[in-house]
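Reviewing the structure listed below.
Because the structure is a prediction, the values reported are computed rather than measured. When a residue number appears, it is its place in the shown sequence, counting from 1.
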Amino acid sequence: MKILFTLITVIAAIASGNNYSLAHIFPTDDHERAFVVEAGADIIHVYEDGSADAVLDTSAERWIRNAGIPVVTRIEDLQRFYEIQCSGKTMGGFMTWDEIQTWMDDLHATYPNITSPPTSIGDTYEGRPQLVMKIGTDNTFTNDDSTRPNCWYDGLIHAREGASMQNTCSFMEWLCSNYDRNGYCGLVATYVLENRDCWFLPCYNVDGWVYNETTSPGGGGMQRKNMNWTLGDGVDLNRNFVIGWGGPGSSGSPGSETYRGTAPLSEPENINVDAFWATYLPIEMHNSHTYGDMLLFPWGYKDDPPTHMSAYQTQGEIMVQWATGEIYGPVATTIYIASGGSVDHSYDLYGSMSWSYEIGFTGFWPNLDEVTRLTRRNLRGFLVTALLAGCPLDPHVPEVPVLEPVGLVGNDFTVEWSSAPTASSYGLQEITGYDLIVDDHGDSGPFILNGWSMSSEQFHSGTQSYHSNGSGTMTWDSYVTIPADGGGRISFWCYYNIDNGWEEGAFEYSPNSGTDWYYLQTFCR
C-alpha cells in the first residue's frame with residue numbers, strides 16, 4: 001500500500017536552541033524517501049540497502065519519527081561535537097568573512113597581472129557584497145573573450161560547509177602561485193590561465209557565514225540557509241533556482257532545511273549569480289559542498305539521465321580516477337532527488353557542464369589537517385574542469401604517444417615518439433639534477449616496511465609488489481632535492497580493495513626528517 005505524507009507548513013520559531021543531529025534513516029520506498037527530504041533532512045550518504053546518513057534538525061527528526069520511519073541517532077548534538085573538534089580556534093581555523101575579503105585583496109595585490117580586483121556582482125539579503133574574482137592573463141573583469149571558455153567555481157552556498165570555501169580559495173592560490181613556473185604544475189597552471197577565464201565566488205552565502213561566525217565564533221555553526229528570515233529561518237539557496245523549482249527534494253515549509261523560498265530566484269544571492277551566468281556563460285560550472293566524497297551532476301530534480309550523459313560519464317570518470325575517489329553520478333540517483341539546484345539550472349539554461357563536489361567524509365567542520373588533504377586532492381578535479389572547458393561536450397582521455405627509450409645520453413640527444421591521433425600537440429619537459437629511479441625487483445628496496453610485506457600475486461614491474469596487511473606504513477628513508485621553481489614527479493601504481501567509507505591510504509612526505517608530514521595523495525572509498 002502506498003502511503004502519502006503531507007508536511008504542514010509551519011512558521012518556524014527563530015530560536016538558538018534548535019538542535020542538529022547525525023542520524024541513520026531507514027525509508028522503505030520512494031514515497032518515504034521523498035518525505036525524508038521534504039522534511040528537511042540533509043542527506044550525506046546513501047547505502048546500497050536504501051538507508052541513509054543525514055543531518056536532521058529538531059523539527060525534521062520529529063516529522064520523520066512521527067511518520068513511522070526508523071531513525072538511529074549517531075551523534076546527538078552535532079554543533080557541540082564540531083565545537084569540540086574545532087578546539088577553540090577562531091571559526092574552527094577557517095577564514096572569517098573579513099579575512100576572506102582581506103585574503104582576496106592580498107591575492108590581487110600579489111598577482112595583479114593575472115587577477116582582477118575582487119568585484120561585487122550584487123548584494124546579499126542583508127546587504128553584503130558577493131565578491132567574485134577573475135583569474136587569467138585577460139584579467140579585466142568586464143571582458144568576456146569568446147575564444148576563452150569561462151569556468152565558474154563557488155563555495156559556501158550552504159553556510160556551514162567551510163571546506164567548500166577553503167577548497168575554492170586553495171585552487172585560486174594554486175593557479176596564481178604556479179603561473180609562469182617550470183615543472184608540471186607550472187605548465188598546467190600557465191596553460192589554464194592563458195586559455196581560460198576562471199571566475200571564483202568563494203563565499204556565496206555571505207550572510208549565513210557571518211551568522212555562524214557570530215553565533216559560533218569558535219567554529220561549528222550549523223546555519224545552512226541564507227538570512228531571509230521573513231517566514232522562517234532562511235531559504236536554501238540550492239533549492240531556489242528555476243529548473244525543477246517546487247518539485248520533490250525541496251520543501252515548502254519555511255522551517256525546513258530544504259525550504260525553497262516563495263518563488264524561483266526569490267533570493268538576491270541567486271538573482272546575482274544567475275544574472276552573471278547569463279552575461280558570462282560558464283562552459284564548466286563547479287559548485288562545492290561538504291560532505292560525502294561524491295561528484296554529482298544533473299539531473300537533480302528528476303530521475304532521468306541528462307542529454308549529454310555520455311560526456312558526463314567520460315569527464316566524471318577522468319575526474320574520479322585522477323582526483324577524487326570513485327563515487328559519481330546524477331544527483332537524483334546517487335543521493336536523493338533535489339529540485340531547484342544550481343547544477344540543473346546552469347546546465348539546462350546556459351548549457352554548462354555542471355558539477356557539484358561533496359567534499360570529504362568527516363563532517364561539515366573538518367580539522368585543518370583534513371582540509372589540507374582535501375584541498376590537495378580536489379584541486380586536481382578543478383583542473384580537469386578547467387582543461388576540458390575547451391571540449392565540454394566531447395571530453396576524452398587523450399591517447400599516450402609511444403616514447404622510444406633514450407638510454408644513456410651525452411650533452412645532445414634525440415627523443416622519438418609515435419603520434420597519437422587525437423592529440424593536437426605535444427610538450428616535452430626536461431628535468432635535470434635527478435639521479436634516482438625506484439623500481440622494485442623483489443626485495444624491499446629503499447623502504448622501511450611496517451605492517452607491509454612483499455607479494456608476487458600482483459605486480460606492475462619487476463616480479464613483486466608491496467602488500468599492505470591492513471594497516472601500517474612503508475617509509476622511503478632517503479632525500480631528494482626539489483628545485484625552487486618546481487619540477488619533478490613521484491609516481492607509483494596502486495591496487496586496493498578496501499571497505500567503503502572506512503579505510504584509507506595516503507602518500508606523505510616530510511621536509512624535516514619526519515618532524516612534520518604532509519599529504520601528497522590519498523586513496524580511499
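- At least one side-chain heavy atom of L175 sits less than 4.5 Å from a side-chain heavy atom of F200.
- Residue pairs that meet the ring-ring contact (aromatic ring centres under 6.0 Å, His included) test with at least one member in residues 105-134, sequence neighbours left out, do not exist here.
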Could you give me the CA-CA distance, side-chain angles and deciding distance for Y328 and E317, then say whether side-chain hydrogen bond (donor to acceptor under 3.5 Å, both in side chains) is met? CA-CA 8 Å; Y328 69 98; E317 183 69 16; 2.7 Å; yes

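- Inspection of the S256 and T258 side chains reveals an N or O donor paired with an N or O acceptor under 3.5 Å.
- Between Q79 and S216 the shortest side-chain heavy-atom distance falls below 4.5 Å.
- Applying the side chain to side chain contact (heavy atoms under 4.5 Å, CB included) test to D123 and every residue at least two apart in sequence or in another chain returns S120, P129.
- When the salt bridge (charged side-chain N to carboxylate O under 4.0 Å, His left out) test is applied to R33, the partners found at least two apart in sequence or on another chain are D30.
- Annotation: side chain to side chain contact (heavy atoms under 4.5 Å, CB included) contacts of V55 (sequence neighbours excluded): Y20, L22, D42, I44, L78, R160, M222, F364.
- Using a distance-only test at 3.5 Å, with no hydrogens or angles considered, a donor-acceptor pair links the side chain of T137 to the main chain of L193.
- In this structure, F276 has its ring center closer than 6.0 angstrom to the ring center of W152.
- Scored by the side chain to side chain contact (heavy atoms under 4.5 Å, CB included) test, T362 finds P366, E370 as partners (sequence neighbours excluded).
- Pairs passing the side chain to side chain donor-acceptor pair (under 3.5 Å) check and including a residue from residues 268-278, sequence neighbours excluded, read Q130-N272, Y204-N270, N226-E269, N240-N270, D274-H345, D274-Y350.
- Taking the six-membered ring where the residue is Trp, the centroids of W299 and Y347 are separated by under 6.0 Å.
- Using a 3.5 Å distance cut-off with no hydrogens or angles, the side chains of R260 and S250 do pair a donor with an acceptor.
- Residue pairs meeting the salt bridge (charged side-chain N to carboxylate O under 4.0 Å, His left out) criterion with at least one partner in residues 196-206, sequence neighbours excluded, are K134-D197, R148-D197.
- Nearest approach of A338 to V331, heavy atoms of both residues: CB-CG1, 4.2 Å.
- R239 contributes a side-chain N or O that, together with a main-chain N or O of G249, makes up a donor-acceptor pair within less than 3.5 Å.
- A donor-acceptor pair is defined here as one N or O able to donate and one able to accept, closer than 3.5 Å; such a pair exists between the side chain of S339 and the backbone of P248.
- Judged purely by atom type and a 3.5 angstrom limit, N139 uses its side chain to pair as donor or acceptor with the backbone of P112.
- Between F382 and Y357, the distance separating the two ring centers is shorter than 6.0 angstrom.
- Checking side-chain atoms of N143 against main-chain N and O of D145 turns up no donor-acceptor pair under 3.5 Å.
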Starting from the C-alpha separation in whole Å, work towards a yes-or-no answer on side-chain hydrogen bond (donor to acceptor under 3.5 Å, both in side chains) for S354 and S352. CA-CA 5 Å; S354 301; S352 309; 4.5 Å; no

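- When all heavy atoms are compared, the tightest approach of S266 to G261 is OG-CA, 4.1 Å.
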Would you please test W63 and F35 for ring-ring contact (aromatic ring centres under 6.0 Å, His included) and show each step? CA-CA 9 Å; W63 281 332; F35 176 82; 7.8 Å; no

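- Among residues at least two apart or in separate chains, there is no ring-ring contact (aromatic ring centres under 6.0 Å, His included) pair with a member in residues 255-275.
- Annotation for Q223 and A159: closest pair O-CB, 3.3 Å, computed over non-hydrogen atoms.
- Residue pairs meeting the ring-ring contact (aromatic ring centres under 6.0 Å, His included) criterion with at least one member in residues 127-146, sequence neighbours excluded, are F141-W199.
- A heavy-atom distance below 4.5 Å is found between the side chains of Q315 and E284.
- Using a 4.5 Å heavy-atom threshold, the side chains of L156 and L201 count as separate.
- When atom types are taken as modelled, the side chain of T279 and the backbone of A275 share a donor-acceptor pair closer than 3.5 angstrom.
- In this model, no donor atom of one side chain and acceptor atom of the other lie less than 3.5 Å apart for Q85 and N367.
- Looking at M285 and Y153, their side chains never come closer than 4.5 Å, going by heavy atoms from C-beta outward.
- Side-chain rings of W355 and Y312 approach one another, their centers coming within less than 6.0 Å.
- When all heavy atoms of V384 and M319 are compared, the pair lying nearest together is CG1-CG, 3.4 Å.
- N238 places a side-chain N or O within 3.5 Å of a backbone atom of S342 that can act as its donor or acceptor partner.
- Inter-residue side-chain proximity for M353 and P282 is flagged as unmet; no heavy-atom pair is nearer than 4.5 Å.
- Counting heavy atoms from C-beta outward, P27 and I25 have side chains that approach closer than 4.5 Å.
- In the model, D57 has no side-chain atom that pairs as donor or acceptor with a side-chain atom of N19 under 3.5 Å.
- S251 and S253 get closest at one heavy-atom pair: OG-N, 3.0 Å.
- In plain terms, the two heavy atoms of W365 and G221 that are nearest each other are NE1-O, 3.0 Å.
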Could you walk me through whether D236 and H158 pass the side-chain hydrogen bond (donor to acceptor under 3.5 Å, both in side chains) check? CA-CA 8 Å; D236 184 347; H158 290 147; 2.7 Å; yes

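- Each salt bridge (charged side-chain N to carboxylate O under 4.0 Å, His left out) pair with one or both residues in residues 334-361, not counting sequence neighbours, would appear here, but there are none.
- Partners of T334 according to the side chain to side chain contact (heavy atoms under 4.5 Å, CB included) rule, which considers only residues two or more places apart in sequence or in another chain, are M294, L296, I327, P330.
- Annotation: salt bridge (charged side-chain N to carboxylate O under 4.0 Å, His left out) contacts of E213 (sequence neighbours excluded): none.
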Could you walk me through whether L383 and F171 satisfy the side-chain contact (heavy atoms from CB on, under 4.5 Å) test, starting with their C-alpha distance in whole Å, then the side-chain angles of each, then the deciding distance to 0.1 Å, before giving a yes or no? CA-CA 9 Å; L383 271 178; F171 185 43; 3.9 Å; yes

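- Looking at C176 and I135, their side chains come closer than 4.5 Å, going by heavy atoms from C-beta outward.
- Using a 3.5 Å distance cut-off with no hydrogens or angles, the side chains of T230 and N228 do pair a donor with an acceptor.
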